[in-house]
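Proteins come first, then strands; the chains are lettered A, B, ... in the order of their sequence lines, and each starts at number 1. A quick note: this is a predicted structure, and the numbers were derived from the prediction, not measured.
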Number of protein chains: 2
Amino acid sequence: MRRALTTYARRGLHGQTVEVIARRILAGEIAPGATLDITALQAELDVSLTALREALKVLAAKGIVDARQKRGTFVRPRADWNLLDGDVIRWQFAEGADPRLLDKLHEVRSIIEPAAVRLAASRATDDDLTALDGALDEMAAAKGHPTAAVAADLSFHRALLAATHNELLERMEVVMETGLAERDRLVHGGEPHDDPVPSHRAVVDAIRVRDATAAETAMRGLLEKAVRDVEKVRGKKGNR
Amino acid sequence: MRRALTTYARRGLHGQTVEVIARRILAGEIAPGATLDITALQAELDVSLTALREALKVLAAKGIVDARQKRGTFVRPRADWNLLDGDVIRWQFAEGADPRLLDKLHEVRSIIEPAAVRLAASRATDDDLTALDGALDEMAAAKGHPTAAVAADLSFHRALLAATHNELLERMEVVMETGLAERDRLVHGGEPHDDPVPSHRAVVDAIRVRDATAAETAMRGLLEKAVRDVEKVRGKKGNR
DNA sequence: TAATCATTAATTAGTAATACATCTTGACAG
DNA sequence: CTGTCAAGATGTATTACTAATTAATGATTA
């Protein structure tokens with residue numbers, strides 16, 4: 001059930017190096033098109049050239065930087081970044097994040113999930129349903145424990161995507177994961193929430209009886225509630 | 001307009017090393033869970049340890065391998081792979097590809113694109129429409145030139161996703177790109193095709209007049225045609 | 001005996017110095 | 001004005017080494 005938060009290995013000195021450079025770029029501190037001063041970075045971060053290069057290879061693999069002989073290592077245009085990469089999404093939230101990112105993530109989620117429940121309704125196996133029930137139990141048990149509630153929410157949505165039996169849809173998890181967690185973080189601290197279990201159970205029940213339309217409707221209900229929750233918090237905090 | 005095919009830098013000896021190892025893993029030659037014999041690989045590919053390690057960093061960044069001290073470098077379970085990464089998708093098609101991958105890609109496409117045209121209908125700017133018209137022109141000019149036709153098709157779908165003004169949706173391009181290209185490759189060689197321009201123009205026209213429903217309908221028509229084309233070819237070739 | 005803690009060994013992580021390959025720039029010739 | 005070639009800058013790769021991490025093993029102690 002437990003899952004790694006990052007794809008690349010974050011262990012060791014080298015992992016920190018990746019994080020530091022990535023956050024600088026993602027926060028806009030180093031702008032697209034700018035060439036990285038390798039020697040300065042090396043001195044500042046106090047790492048060897050080899051270690052630094054390995055860190056940059058990770059960023060290159062995610063489309064963030066590119067190294068060209070004689071021209072240097074530079075930040076690629078944002079259009080080339082692998083925004084569907086879990087690490088890239090996470091780094092964006094780290095600092096100076098565009099608040100609209102959350103809306104964009106939600107937009108993707110509200111495209112994927114209604115379609116996903118339809119597929120789940122036609123393809124879910126007994127194991128999938130067991131996993132979904134498990135997530136509901138987890139959600140019920142998490143009442144009053146914000147961290148556990150977020151984890152349960154993620155479990156539910158993961159189980160749902162898994163029930164589509166389409167690997168690619170399943171991996172959309174990374175897009176939703178951070179958004180979901182961020183939303184939960186934002187929303188918590190508001191008034192105590194109404195029990196999320198019934199609304200989620202409605203989705204599972206519809207999948208169980210293979211009623212795609214009912215499942216989709218129930219899911220759209222969840223999505224609308226998510227929007228209302230965020231709007232409520234934003235309104236309170238005076239954000240637009 | 002031209003765009004890099006890979007995200008990581010494929011230049012140099014190192015780039016080849018990544019490709020070789022990636023393809024072996026993606027083709028199943030090195031199974032998930034297996035530990036890589038670094039020294040053997042080094043000898044076989046005739047590269048230095050450093051170069052090999054940098055290549056492995058690229059794969060690590062895409063969630064394909066993980067290196068743990070004392071335990072070795074091993075292939076991560078497929079569930080951890082960044083399947084939404086353009087390189088990973090491309091590598092899967094390279095050899096021994098699961099034919100169902102194409103169906104999965106199409107499934108994602110048929111979820112994303114109808115939703116995308118709805119958004120495009122409400123958000124497309126004049127520039128977006130110009131880009132779409134340009135893609136239609138390209139498509140018209142490409143008549144009889146398979147390669148150019150594929151390129152034009154890709155331009156169209158890219159312009160469409162761009163018109164949603166959601167970066168994340170825009171990056172779904174990588175998921176569709178390879179699938180689209182692969183489908184076109186598969187389908188060409190069949191009988192001469194009917195002109196694709198009118199059906200695509202219908203989508204653009206609906207977007208221009210901001211008729212989301214008409215745009216969605218037109219898009220679903222395109223998607224169904226895509227399915228029929230592939231089925232026709234598969235039936236002919238005796239594939240199931 | 002069973003639990004705990006220290007030792008060992010295997011393997012990746014990191015350093016450093018150096019040589020190599022290749023791309024860009026710009027000079028020069030046609 | 002255009003193509004070719006040389007120089008130099010800079011990323012790429014090699015080598016050899018040391019450090020850190022951790023699974024497994026064995027010793028010690030309750």
Side-chain angles (χ1 to χ4, degrees), chain A residues 2 4-22 25 30 32-77 80 87, chain B residues 2 4-22 25 30 32-77 80 87:
Chain A
R2 203 63 173 288
L5 285 167
T6 54
T7 53
Y8 78 98
R10 204 166 28 165
R11 285 174 287 283
L13 208 173
H14 154 257
Q16 292 181 342
T17 309
V18 174
E19 293 279 323
V20 171
I21 302 174
I25 296 174
I30 310 174
T35 53
L36 301 176
D37 187 340
I38 304 294
T39 31
L41 274 175
Q42 196 188 332
E44 185 196 341
L45 302 174
D46 192 33
V47 291
S48 71
L49 180 62
T50 313
L52 182 55
R53 280 176 50 93
E54 289 189 354
L56 290 172
K57 274 284 177 309
V58 172
L59 297 180
K62 295 178 189 297
I64 295 174
V65 303
D66 194 10
R68 304 292 286 269
Q69 288 182 335
K70 168 72 188 173
R71 298 213 302 187
T73 301
F74 52 87
V75 179
R76 294 177 72 171
D80 291 341
D87 295 318
Chain B
R2 202 67 175 285
L5 285 166
T6 54
T7 51
Y8 78 96
R10 204 163 30 161
R11 284 174 288 281
L13 208 171
H14 154 258
Q16 292 181 342
T17 309
V18 175
E19 294 278 323
V20 171
I21 302 173
I25 295 173
I30 310 175
T35 53
L36 301 177
D37 186 339
I38 304 293
T39 31
L41 273 175
Q42 195 189 333
E44 186 197 340
L45 303 174
D46 193 33
V47 292
S48 72
L49 181 61
T50 312
L52 182 56
R53 285 186 42 188
E54 289 191 354
L56 290 171
K57 275 284 179 304
V58 172
L59 296 181
K62 295 179 188 296
I64 294 173
V65 302
D66 193 10
R68 305 291 286 270
Q69 287 180 335
K70 167 73 185 172
R71 297 210 303 184
T73 301
F74 51 86
V75 180
R76 293 176 72 170
D80 291 341
D87 294 319

Looking at [options], which one has an atom nearest to any side-chain atom of [X]?
X	options	value
B/S48	D/dT14, D/dT12, C/dT15	D/dT14
A/T73	C/dT11, D/dT14, D/dG11	D/dG11
A/K57	C/dT12, D/dT12, C/dT15	D/dT12

Exercise. Where each residue is assigned the nucleotide of DNA chain C containing its nearest heavy atom, which of B/L36 and A/L52 is assigned the position nearer the 5′ end?
Worked result: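 Nearer the 5' end of the strand: B/L36.
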
Nearest-Å distance for atom pair [atom1]/[atom2], residues [X] and [N]:
X	N	atom1	atom2	result
B/I38	C/dT11	CD1	P	11 Å
A/R71	D/dG11	CZ	P	12 Å
B/L45	D/dA13	CG	P	13 Å
A/D46	C/dT15	CG	P	7 Å
B/Q16	C/dA21	CD	P	14 Å
B/Q42	D/dA13	CD	P	14 Å
B/R68	D/dT21	CZ	C1'	10 Å
A/D37	D/dT10	CG	P	10 Å

Go through the N and O atoms of the side chain of [X] and the base of [N], and report whether any donor-acceptor pair is under 3.5 Å.
X	N	value
B/Q69	C/dT12	yes
B/T50	D/dT15	yes
B/R53	C/dG14	yes

Problem set entry | Sugar-phosphate only, base, or nothing, as touched by A/L49 at under 4.0 Å among non-hydrogen atoms |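 The residue A/L49 makes no contact with any strand.
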
Seminar exercise, completed: A correct 5'-to-3' footprint of nucleotides 4-9 of chain D, with B, S and - meaning base, sugar-phosphate only and no protein heavy atom under 4.0 Å, is ----BS

For this session: Under the side-chain contact (heavy atoms from CB on, under 4.5 Å) rule, what do B/D66 and B/D80 come out as? Steps first, then yes or no, please.
Result: CA-CA 10 Å; B/D66 193 10; B/D80 291 341; over 6 Å; no

Exercise. Which atom pair, heavy atoms only, marks the closest approach of A/L49 to A/Q42?
Worked result: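 Between these two residues, the closest heavy atoms are N-NE2, 3.4 Å.
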
For this session: Could you pull out the closest heavy-atom pair between A/L56 and A/V65, with the gap in Å?
Result: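 That closest heavy-atom pairing would be O-CG2, 3.6 Å.
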
Exercise. To the nearest 0.5 Å, how far apart are CD in B/E44 and OG1 in B/T17?
Worked result: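 Between B/E44 CD and B/T17 OG1, I get 11.0 Å after rounding to 0.5 Å.
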
For this session: Name all residues meeting the side-chain contact (heavy atoms from CB on, under 4.5 Å) criterion together with B/T35; count only those two or more places apart in sequence or in a different chain, and write none if there are none.
Result: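 Residues passing side-chain contact (heavy atoms from CB on, under 4.5 Å) with B/T35: B/F74.
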
Problem set entry | side-chain contact (heavy atoms from CB on, under 4.5 Å) against A/P32, all qualifying residues, sequence neighbours excluded |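 In terms of side-chain contact (heavy atoms from CB on, under 4.5 Å), with neighbours along the sequence ignored, A/P32 is linked to A/V75, A/W81.
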
Problem set entry | Test log, rule side-chain contact (heavy atoms from CB on, under 4.5 Å), inputs A/I21 and A/L45 | CA-CA 10 Å; A/I21 302 174; A/L45 302 174; 4.1 Å; yes

